[in-house]
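Start at 1 and go down the list; that is how both ligands and their atoms are numbered. Because the structure is a prediction, the values reported are computed rather than measured.
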Amino acid sequence: MELFFLGTGSGVPSKERNVSSLVLRMLEERGTTWVFDCGEGTQQQILNTNIRPRRIEAIFITHLHGDHIYGLPGLLSSRSFQGGETPVTVYGPRGLREYIDISLRISGTHLRYPLYVEEVEEGQLFEDEQFIVEAIKLKHGLESYGYILQEKDKLGELQPDKLKELGIKPGPVYQQIKNQKETKLEDGRTIQRKDVLGPSKKGRKVAILGDTRYIPELADALKNADVLVHEGTFAGEEEEMAYDYFHSTVKQAATLAKDAGAGELILNHLSSRYQGEAVEQLLKEAQTIFPNTTIAHDFYQHRILRNH
Ligand SMILES: [Zn+2]
Ligand SMILES: [Zn+2]
């Protein structure tokens, strides 16, 4: 799993930073990518990467401010032209369906793939064999959400040595043993899967939050996240301004990461007032509280490791 940051600025695009969008690429895990927010110019940013819109399976919109959604109709439409045929589901707050329907209808856009729109509320969005995805409510001028992705633990590998010790010869039975909790062998013995597997791989937890005021209570929901992506619109001393504009400072984001026991913190959604040296300064501020902090820039890529 890798994160690709496509737009890391706030409000309006600048030369250095486009407006919000990031992609979680899971080619090994499920052969697809998930997109989080889709600010204007997102498809243009994608052209500078090796991300393939055809592979997009889901798009999660945190909130309906323009810097997070003005690129959505264009991306959906281009995906159709580029031969995307598999279904896409777009998740986001109330109003999302109307926005998409009207944009596509008025522009005479007909998609050649099934598009599903799910307006979300706080709680679990879905569960499949790999992930549980949950939405948490944030505090912003508009209804805004964070998405928590909990990857399920992966079974360990079969241990050929252990199987050999038990006198089980390689063959289709190996697959059976791996697929079910216990397997009855032809000789009458019953093999417990857990006895012949190596250690399981703990699933990763990734939290990608939309625009928000600092919410200390979120530490519970974010507990032990391997990666937390949090906005860092303002410098540490701008707490008042952050509060007034429903945003967070980098120090607040770092405090939340620390309280949650997160593995890594990645800051995005930076105000264009911070450039060059000033960004370095923001990073230092955050790192004094939470050392494993990174400030994302456009086209920053990040492999998601297992930290816990
Ligand atoms: Zn924003
Ligand atoms: Zn916003």
Side-chain angles (χ1 to χ4, degrees), residues 3-24 34-46 59-75 90-100 103 119-122 135-148 207-215 218 228-235 238-254 256 265-275 278-279 282 286 294-300:
L3 287 170
F4 284 70
F5 289 81
L6 298 174
T8 56
S10 70
V12 293
S14 68
K15 277 190 201 160
E16 282 73 31
R17 295 179 186 273
N18 198 43
V19 283
S20 291
S21 183
L22 66 92
V23 166
L24 176 65
W34 292 355
V35 178
F36 293 81
D37 284 336
C38 197
E40 188 181 350
T42 294
Q43 55 169 320
Q44 192 71 27
Q45 297 290 84
I46 287 178
I59 302 175
F60 299 84
I61 299 295
T62 61
H63 66 298
L64 301 183
H65 275 151
D67 58 321
H68 297 253
I69 62 165
Y70 284 166
L72 182 58
L75 179 64
V90 190
Y91 299 89
R94 251 174 309 148
L96 179 67
R97 181 173 290 114
E98 190 183 1
Y99 169 66
I100 293 175
S103 308
E119 295 188 338
V120 306
E121 287 175 0
E122 191 158 55
I136 50 170
K137 207 159 199 174
L138 305 175
K139 286 185 185 158
H140 196 48
L142 283 183
E143 195 177 350
S144 181
Y145 291 96
Y147 295 103
I148 300 179
I208 299 169
L209 271 50
D211 296 4
T212 187
R213 264 183 194 157
Y214 172 46
I215 312 174
L218 283 187
L228 168 62
V229 179
H230 195 292
E231 68 139 285
T233 310
F234 293 113
E238 305 287 6
E239 266 183 36
E240 212 172 314
M241 183 144 65
Y243 184 88
D244 290 346
Y245 287 92
F246 291 94
H247 285 295
S248 304
T249 71
V250 295
K251 280 189 177 175
Q252 291 172 328
L256 186 58
L265 169 66
I266 306 176
L267 296 170
N268 64 355
H269 204 271
L270 270 73
S271 164
S272 58
R273 63 164 72 191
Y274 307 110
Q275 290 186 13
V279 174
L282 294 183
T294 307
I295 293 186
H297 53 80
D298 288 15
F299 306 117
Y300 173 63

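Nearest to the Zn ion (ligand 2), among the N, O or S atoms that His65 has, is ND1. Of all N, O or S atoms in Asp67, the one lying closest to the Zn ion (ligand 1) is OD2. When distances from the Zn ion (ligand 2) to the N, O or S atoms of Asp211 are compared, OD2 comes out shortest. Restricting His140 to its N/O/S atoms, the shortest distance to the Zn ion (ligand 2) is reached by NE2.
For Thr8 and His297, the side-chain atoms include no donor-acceptor pair closer than 3.5 Å. For Asp211 and His63, the side-chain atoms include at least one donor-acceptor pair closer than 3.5 Å.
Glu231 lies apart from the Zn ion (ligand 1) in this respect, since none of its N, O or S atoms is found at a distance under 2.8 Å. The Zn ion (ligand 2) lies at 2.8 Å or more from every N, O or S atom belonging to His247. Look at His269 and the Zn ion (ligand 1): an N/O/S atom of the residue is under 2.8 Å from the metal.
The closest donor-acceptor contact from the side chain of Glu119 to the backbone of Arg97 lies under 3.5 Å.
Looking at Asn18, Thr294, Ile266 one by one, the single match for side-chain contact (heavy atoms from CB on, under 4.5 Å) with Phe5 turns out to be Ile266.
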Start with the C-alpha distance between Leu138 and Leu218, add both sets of side-chain angles, then the distance that settles side chain to side chain contact (heavy atoms under 4.5 Å, CB included), and finish with yes or no. CA-CA 9 Å; Leu138 305 175; Leu218 283 187; 3.6 Å; yes

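Lys137 places none of its side-chain heavy atoms less than 4.5 Å from the side chain of Glu121.
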